[in-house]
Amino acid sequence: MAVKIRLQRHGKKNFAFFHIVVADTRSPRDGRYIEQIGSYNPNTNPATIVLNHEKALAWLNVGAETTLVTRRILSYEGVLLRKHLQGGIAKGALTQEQADQKFEAWKAQRDAKINAKKEGLTKDAAAKAKASQEAEAKVNQERAEAIAKKKAEIEEAARAAAEAAAAEKAAQEAEVAAETPAENPEA
């Protein structure tokens with residue numbers, strides 16, 4: 001019986017997550033499996049991987065094959081490196097302590113890379129938010145200036161209309177005063 005470590009799809013359309021399972025190669029993709037060893041959620045950034053390293057390593061040691069994606073996941077999580085280091089221990093090229101040191105050094109480097117990516121994502125999000133706030137403030141300031149300019153124009157037009165009305169009223173009063181004969185005080 002050929003055994004594969006592969007993904008089993010779950011979730012809804014356009015929002016899938018996967019279980020990492022050990023299954024017979026003849027069983028369907030989402031069908032029966034021998035053992036579930038983890039899960040993979042590509043919808044988060046970075047992708048969320050939960051994996052039982054010991055079970056995965058045990059299945060690899062007894063000859064389970066991997067699909068391309070699960071091979072990448074196992075490599076990303078360090079299971080394939082641990083298998084490689086165990087091979088070196090079995091051949092006598094390394095001691096267990098040396099293998100553990102190499103694995104811990106690799107794990108520290110990988111964790112630093114993941115943390116740098118997370119920090120970069122948060123910094124980018126903060127920078128985008130700040131840029132959008134600045135753009136919004138600029139638009140609001142331009143609007144306020146346009147409103148103030150329009151208000152000044154309206155006040156200027158009202159002032160000019162009031163002056164024109166006052167001048168017209170004064171002209172009418174002068175005209176009325178000129179038309180009425182001066183009263184004769186002697187009469």
Side-chain angles (χ1 to χ4, degrees), residues 1-140:
M1 174 171 84
V3 175
K4 275 199 170 193
I5 300 175
R6 63 185 183 195
L7 298 178
Q8 191 176 54
R9 189 182 195 283
H10 292 277
K12 53 187 179 175
K13 186 162 88 170
N14 296 328
F15 202 77
F17 70 93
F18 301 90
H19 289 177
I20 302 170
V21 297
V22 178
D24 184 6
T25 56
R26 297 170 291 183
S27 64
R29 178 192 73 181
D30 298 334
R32 258 173 54 159
Y33 58 88
I34 299 169
E35 184 175 17
Q36 180 178 339
I37 59 174
S39 65
Y40 167 61
N41 184 0
N43 301 314
T44 60
N45 191 7
T48 306
I49 300 171
V50 177
L51 183 67
N52 187 335
H53 299 277
E54 291 77 28
K55 285 184 180 180
L57 187 60
W59 279 106
L60 286 174
N61 285 334
V62 295
E65 295 183 7
T66 60
T67 60
L68 292 175
V69 177
T70 53
R71 176 172 285 281
R72 296 273 315 219
I73 291 171
L74 295 177
S75 175
Y76 180 78
E77 288 294 312
V79 175
L80 296 180
L81 176 64
R82 187 163 290 277
K83 181 178 189 250
H84 175 72
L85 292 173
Q86 280 185 350
I89 293 169
K91 291 179 182 176
L94 295 171
T95 64
Q96 184 66 41
E97 293 79 25
Q98 290 173 333
D100 290 341
Q101 285 177 347
K102 285 187 177 188
F103 184 74
E104 291 302 321
W106 174 85
K107 190 172 182 178
Q109 181 183 6
R110 184 197 70 148
D111 290 343
K113 189 189 235 184
I114 291 171
N115 289 335
K117 181 177 182 179
K118 287 180 182 178
E119 289 173 5
L121 290 172
T122 56
K123 285 180 183 178
D124 288 344
K128 284 180 183 178
K130 185 177 180 182
S132 67
Q133 285 178 349
E134 289 173 356
E136 186 176 343
K138 184 178 178 183
V139 167
N140 288 342

S.K.: So does Arg9 have more than 12 non-hydrogen atoms from other groups sitting under 6.0 Å from CZ?
M.R.: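 Counting neighbours around CZ of Arg9, more than 12 heavy atoms of other residues, nucleotides or ligands fall under 6.0 Å, so yes.
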S.K.: Going through the distances and angles, do Trp59 and Ile5 end up as a side chain to side chain contact (heavy atoms under 4.5 Å, CB included)?
M.R.: CA-CA 8 Å; Trp59 279 106; Ile5 300 175; 4.2 Å; yes
S.K.: Check whether any side-chain heavy atom of Val21 sits under 4.5 Å from a side-chain heavy atom of Ile37, and report yes or no.
M.R.: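 Sidechains of Ile37 and Val21: no contact.
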S.K.: Begin from the C-alpha positions of Leu7 and Thr70 and carry the test side chain to side chain contact (heavy atoms under 4.5 Å, CB included) through to its verdict.
M.R.: CA-CA 7 Å; Leu7 298 178; Thr70 53; 3.8 Å; yes
S.K.: Look up atom OG in Ser39 and atom CZ in Phe17, then write down how far apart they are to the nearest 0.5 Å.
M.R.: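 With rounding to 0.5 Å, OG (Ser39) is 8.0 Å from CZ (Phe17).
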S.K.: Step by step, work out the side chain to side chain contact (heavy atoms under 4.5 Å, CB included) result for Gln8 and His10.
M.R.: CA-CA 7 Å; Gln8 191 176 54; His10 292 277; 3.5 Å; yes
S.K.: Using distance alone, with no hydrogens and no angle criterion, decide if Asn115 and Glu119 have a side-chain donor and acceptor under 3.5 Å apart.
M.R.: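 Not at all, the side chains of Asn115 and Glu119 share no donor-acceptor pair under 3.5 Å.
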S.K.: If I compare all heavy atoms of Pro42 with all of Ala16, which pair ends up nearest, and what's the gap?
M.R.: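 That would be CD-O, 3.7 Å.
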S.K.: Does any non-hydrogen side-chain atom of Lys118 lie less than 4.5 Å from one of Thr122?
M.R.: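 With C-beta onward as the side chain, the pair stays apart.
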S.K.: Looking only at heavy atoms, which two atoms of Asp24 and Ile34 are closest? And how far apart?
M.R.: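 Here Asp24 and Ile34 meet closest at N-CD1, 4.2 Å.
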S.K.: Could you go through His19 and Tyr40, starting from their C-alpha distance and side-chain angles, then the distance that decides it, and tell me whether this counts as side chain to side chain contact (heavy atoms under 4.5 Å, CB included)?
M.R.: CA-CA 6 Å; His19 289 177; Tyr40 167 61; over 6 Å; no
S.K.: Indicate every side-chain donor-acceptor pair of residues 71-86 with a distance under 3.5 Å to a residue at least two apart or in another chain.
M.R.:
{"unit_1": "Arg71", "atom_1": "NE", "unit_2": "Thr66", "atom_2": "OG1", "d": "3.4"}
{"unit_1": "Glu77", "atom_1": "OE2", "unit_2": "Arg110", "atom_2": "NH1", "d": "3.4"}
{"unit_1": "Gln86", "atom_1": "OE1", "unit_2": "Asn61", "atom_2": "ND2", "d": "3.3"}

S.K.: CZ of Arg6 to OG1 of Thr67: how many Å apart, nearest 0.5 Å?
M.R.: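 Separation between the atoms: 8.5 Å.
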S.K.: Quick check: closest heavy atoms across Ala129 and Ser132, and the distance to 0.1 Å?
M.R.: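 It is O-OG, 2.8 Å.
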S.K.: Surrounding CD of Glu65 (heavy atoms of other residues, nucleotides or ligands, distance under 6.0 Å), is the total greater than 12?
M.R.: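 12 or below, so no.
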S.K.: Side chains of Ile20 and Leu51: closer than 4.5 Å at any heavy-atom pair?
M.R.: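 They are in contact (side-chain heavy atoms under 4.5 Å apart), so the answer is yes.
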S.K.: Measuring only between side-chain heavy atoms, which start at C-beta, is Leu94 closer than 4.5 Å to Lys102?
M.R.: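 The answer is yes; the side chains approach within 4.5 Å.
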